[in-house]
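These notes are about the structure you will find just below.
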Protein chains: 2
Amino acid sequence: MITIKDIAARLQVSPSTVGRALADDPRISAAMKQKVQEVAGEMGYVANRAARMMRGVSSNLVGLVVPDIRNSFYSTIAHALSKCLEQEGYQLTLSETDDDRMTELRQIRELSSANVAGIIIVPSAKPHAETIRLLGMTPHIQLLRKHAALSDQWFGIDDAQAIYLPTRHLIELGHRRIAYIGSLAELPTGAARLKGFRDALASAGGACAGIEELGAPGSREFAQDALRRVLTLPEPPTAVVTGSVLHTFGVLEELLDSGVSVPKQLSVAGFSDEPAFRWWGPGLTTVALPVSELATACGLWFVHRMKQKVAGNAPYSAISPPTLVVRGSTQPPGASA
Amino acid sequence: MITIKDIAARLQVSPSTVGRALADDPRISAAMKQKVQEVAGEMGYVANRAARMMRGVSSNLVGLVVPDIRNSFYSTIAHALSKCLEQEGYQLTLSETDDDRMTELRQIRELSSANVAGIIIVPSAKPHAETIRLLGMTPHIQLLRKHAALSDQWFGIDDAQAIYLPTRHLIELGHRRIAYIGSLAELPTGAARLKGFRDALASAGGACAGIEELGAPGSREFAQDALRRVLTLPEPPTAVVTGSVLHTFGVLEELLDSGVSVPKQLSVAGFSDEPAFRWWGPGLTTVALPVSELATACGLWFVHRMKQKVAGNAPYSAISPPTLVVRGSTQPPGASA
DNA sequence: ATGAAAGCGCTAACAC
DNA sequence: GTGTTAGCGCTTTCAT
């Protein structure tokens, strides 16, 4: 392995001169820098990160902490961030939490000890106190979910709107009994989505009844069960809105299995716009979320923040708006479609 | 930050004793180890990786190098590996190549200089010579694709079989003109899949004509165009087999857009089993690939290999078998289904 | 404008 | 069984 010393020996100068030249120190003559650059390139010098880190410089590692990378939401984010950060010489590391606070803590511990440059995290519902403490010592940005005790830097979507839009759409179509199958309110996103649902109902001035089924956002089974429950109610809803990607998958599966006719018997609105949603039955009406753009914005901001020497702790929030994509799965109640 | 010295000072012993106790060195008394463990835990000691790495120990980073994490194939792999490696204290880093050899080279350079413990890679078609050289210096395992110049350790699926099965299935249904829309033969997987297609045709003893359309495995557009071309042939095929996940997506989209009736006008068999394939039209006949199992096996092997002090370079290949999942999209030609 | 030297936290060879 | 010491490659005073 070529070290700074080797270059120094070759150029008959001291290691510190080479170090400074490489660091573009203003005290070094342009001529010297030139020569050092040349020889370094020629000899194939690669800086030893470990040694740098020992001197307090943080690594080029950026930790991405998400519930489950198989969720297209998060793989989209990973892709966009990876692209963004790679250009600036950062390396993305992947940690999955399963939405479990203890797993989350372990991962954060791991990242702290690896001296990561920063962490981009989709926090769990109730991060452990130690998690909060550790994150407090590391530059971090929250994605999608926003926990009050963590960084004031956050990139998310307008979750309330993401549910308000489809619910409102159904109300306008004339539905008066609407079910919402979505995430627990203990998650900040869950709470906002639920609020979106309730606000939309309220906008109908009490004319419209809501049925709420809340469960873990990662559980497809919960959504299947919930739909079954809701459909066997004495007065079943005429429409259902889902509040997470996996809940949408669960509901779609269950509808196929149970042979409910959509939109004739039931209108359905989904969450997030997977390519396959176009195919489902008559096409699934859904809210499209600018996840990729959001992640890119987050990545750019992260890089920007890292570049300024001073601690860039200024609060910053970016809220991306969802858009409604209307397809065949929503119709006026009892329409003969 | 708590260091080994702090613990030593507190216990009135030398730093090396503490270091050895922490490393479970046989020369240290059990009593001492006990005390050190205790105090370390109490003081919240976290080993400084940078310092360790400076002493030549490789990092706990494992590089995962894939074309695109948004592909469910690769996110499934990332998930399984992450689970496996995390338990052993490894941290997974994510690098995307876009199937571009220069990007791949950059990523591998990055990983080498980060002193990763190992690399798990889905290599591009023709890795750069430098990529091969660098990988030669790092423990690595090939996943899915196998390049001859790289490690002899490889975990993949039986690609030939993955296309043979659906093609044979179509032949048995009575199809005599079958199109294959799949990956370029320059990729090892592409070549194997194409072979599977041809072998299946050959098994029909010349009774069956094949139409081949080969393109980049990551290009949905290619598949859409290819399907369009194939369907406007003077003698269009009565069935189509796809040879990559994204090609399948492309074909399915195009079929919806063009209003071709499946399986009446055309039978279709897909690649890999995405949840949404169940929903597509009459349900998509497809080959299920044990990707998650494969990745887990790879992860276990990696850990095993890292554990033995000696260079574990013994060649090892594991080939996982695909299985055919028959749904409504394949029927005898001209069936009134 | 450049050099010398100390030291980051840890490990390992060498004492005792 | 435990202590001493040197040194990994780099940055960073402090000299010159």
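Protein chains get the first letters and strands the later ones, always in sequence-line order, with residue 1 at the start of each.
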Between [X] and [N], is there a contact of a side-chain N or O with OP1 or OP2 at under 4.0 Å?
{"X": "B/Ser14", "N": "D/dG3", "result": "yes"}
{"X": "A/Arg52", "N": "D/dT11", "result": "yes"}
{"X": "A/Thr17", "N": "C/dG3", "result": "yes"}

Quick one: does [X]'s side chain have a donor or acceptor within less than 3.5 Å of a partner on [Y]'s backbone?
{"X": "B/Arg70", "Y": "A/Thr76", "value": "no"}
{"X": "B/Arg145", "Y": "B/Pro123", "value": "yes"}
{"X": "B/Thr17", "Y": "B/Val13", "value": "no"}

Could you tell me how far apart [X] ([atom1]) and [N] ([atom2]) are, to the nearest whole angstrom?
{"X": "A/Lys35", "N": "C/dT2", "atom1": "NZ", "atom2": "P", "result": "8 Å"}
{"X": "A/Ile28", "N": "C/dG3", "atom1": "CD1", "atom2": "P", "result": "8 Å"}
{"X": "B/Gln12", "N": "D/dG3", "atom1": "CD", "atom2": "P", "result": "10 Å"}
{"X": "A/Lys5", "N": "D/dG7", "atom1": "NZ", "atom2": "C1'", "result": "8 Å"}
{"X": "B/Asp6", "N": "C/dG9", "atom1": "CG", "atom2": "P", "result": "8 Å"}
{"X": "B/Ile2", "N": "C/dC10", "atom1": "CD1", "atom2": "C1'", "result": "16 Å"}
{"X": "B/Arg49", "N": "C/dC10", "atom1": "CZ", "atom2": "P", "result": "12 Å"}
{"X": "A/Ile4", "N": "C/dA5", "atom1": "CD1", "atom2": "P", "result": "17 Å"}

Residue met sooner reading DNA chain C from 5', once B/Ala51 and B/Arg27 are mapped to nucleotides
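Closest to the 5' end, via its nearest nucleotide, is B/Ala51.
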
Is B/Met32 touching bases, backbone alone, or none of the nucleic acid, heavy atoms closer than 4.0 Å?
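Sugar-phosphate: the residue B/Met32, judged by heavy atoms under 4.0 Å, touches backbone atoms but no base.
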
Distance-only donor-acceptor test, A/Ser16 side-chain atoms vs D/dT11 base atoms, 3.5 Å
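Such a pair does not exist between side chain and base.
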
Side-chain donor/acceptor of B/Arg20 to base of D/dG3, under 3.5 Å:
yes

Nearest heavy atom decides the nucleotide; on that basis, is B/Asp25 or B/Arg55 closer to the 5' end of DNA chain D?
B/Asp25

Tell me which nucleotide among C/dG7, C/dG9, C/dG3 gets nearest to the side chain of A/Met54.
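That would be C/dG9.
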
Are A/Arg49 and B/Glu110 within salt-bridge range, i.e. N to O under 4.0 Å?
yes

For the pair B/Tyr316 and B/Trp301, name the ring-plane relationship: parallel under 30°, tilted 30 to 60°, perpendicular over 60°.
parallel

